[in-house]
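Nothing here was measured: the structure is a model prediction, and the numbers come from that model.
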Amino acid sequence: MKNQIKTLLFLTISAILFTSCDEGGDPDGGGTTTRNFAGDWHVIVLDADGVTPLTNYGLFTTYNAASNDENFWLDDHEHIFDLKTKVQVDDFKNLTFSATNSEEIYAGDNVNITNGKILKKAAHSFGGHVVDSIYFEVEYVDDPGTIYKFAGHKRTGFLEDEL
């Protein structure tokens, strides 16, 4: 009797596991509209001359907006410059983006983002791996004319590339 119960239990569990794993239809979940812009980035902030660093490298993330359209978030996780704002894709093919008078969440100001661009395989990580680069310029609306330049490279996740 015990062997019959064990066999029945085994067959029931097996049937549930095999039928519940059937994805059915198209198993490709696709991706977000802005997936080519998404990632973690090691970013440094430079002053208007583009040479003098104002910060050390910090971790930024770019990720899609809930609307899953041409907008995505630019988020300074480490608050090296307190910047979290939504930007808009200007050109999907050339990976350019910008924002005009966009609400900045951390500092409570509005910002203009210009010259935003992701360049494929145009940088080297801290460990020497070829990775994508990111560049954009920020002007705070309450400080017109002062432009901060943000530049960095994509995070690989390899230990030798971490700060």
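- To the nearest 0.5 Å, atom CG of residue Leu119 and atom CG of residue Asn94 are 10.0 Å apart.
- In the model, Glu139 has a side-chain atom that pairs as donor or acceptor with a side-chain atom of Asn112 under 3.5 Å.
- Remark: Lys86 does not engage Glu103 in a salt bridge, criterion side-chain N to carboxylate O under 4.0 Å.
- A donor and an acceptor atom, one from each side chain of Thr114 and Ser98, are nowhere located under 3.5 Å apart.
- Between the side chain of Asp91 and the main chain of Leu95, no donor-acceptor pair closer than 3.5 Å is present.
- By the 4.5 Å heavy-atom criterion applied to side chains, Phe97 and Thr34 are not counted as neighbours.
- With values rounded to the nearest 0.5 angstrom, Gln88 atom CD is found 10.5 Å from Thr96 atom OG1.
- Tyr57 and Phe158 are members of different hydrophobic clusters when ILVMFWY side chains are connected at heavy-atom separations under 4.5 Å.
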Requested in this report: Quick one: do Phe37 and Val89 satisfy side-chain contact (heavy atoms from CB on, under 4.5 Å)? Show the steps, please.
Outcome: CA-CA 9 Å; Phe37 293 83; Val89 174; 3.6 Å; yes

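- A pairwise comparison of heavy atoms in Gly127 and Asp161 identifies N-OD1, 2.5 Å as the closest pair.
- Contact between Ile105 and Trp73 at its shortest, heavy atoms only, is CG1-CZ3, 3.9 Å.
- The distance between the ring centers of Tyr135 and Phe150 does not fall below 6.0 angstrom.
- The line from OG of Ser133 to NZ of Lys121 is 13.0 Å long, rounded to the nearest 0.5 Å.
- Note that CG of Asp142 and CG of Asn110 are 9.0 Å apart. Values are rounded to the nearest 0.5 Å.
- Annotation: side chain of Ile134 is in contact with side chain of Thr62 (closest heavy-atom distance under 4.5 Å).
- The aromatic rings of His153 and Phe126 stand perpendicular to each other, their planes meeting at an angle above 60°, with 30° marking the opposite boundary.
- Of the inter-residue distances, the one linking Glu137 atom CD with Leu46 atom CG reads 10.5 Å to the nearest 0.5 angstrom.
- Inter-residue side-chain proximity for Ile118 and Trp41 is flagged as met; some heavy-atom pair is nearer than 4.5 Å.
- If you chain together hydrophobic residues whose side chains sit under 4.5 Å apart, Val131 and Leu59 never meet in one group.
- At a threshold of 4.5 Å between side-chain heavy atoms, the hydrophobic network of Ile, Leu, Val, Met, Phe, Trp and Tyr places Leu54 and Phe60 in one connected group.
- No hydrogens or angles considered: a donor-acceptor pair under 3.5 Å links the side chains of Thr61 and Asp40.
- No more than 12 heavy-atom neighbours from other residues, nucleotides or ligands sit within 6.0 angstrom of CG on Asn56.
- Side chains of Thr33 and Asp69: a donor-acceptor N/O pair is absent below 3.5 angstrom, by distance only.
- A heavy-atom distance below 4.5 Å is found between the side chains of Val141 and Asn101.
- The two residues Lys84 and Glu104 make their nearest non-hydrogen contact at N-OE2, 2.8 Å.
- When all heavy atoms of Tyr148 and Val45 are compared, the pair lying nearest together is CB-CG1, 4.1 Å.
- Screening Glu160, His124, Lys154 against His129 for a side chain to side chain donor-acceptor pair (under 3.5 Å) leaves a single residue, Glu160.
- The closest side-chain donor-acceptor pair between Asp75 and Tyr63 falls under 3.5 angstrom.
- Leu83 has its side chain within reach of Phe136: a pair of non-hydrogen atoms, C-beta onward, lies under 4.5 Å apart.
- A donor and an acceptor atom, one from each side chain of His79 and Asp82, are located under 3.5 Å apart.
- When all heavy atoms of Ser125 and Thr156 are compared, the pair lying nearest together is CB-CG2, 4.2 Å.
- Residues Phe81 and Thr55 share a closest heavy-atom pair of CD1-CG2, 4.0 Å.
- Rounding to the nearest 0.5 Å gives a distance of 10.5 Å between CZ of Phe72 and OG1 of Thr85.
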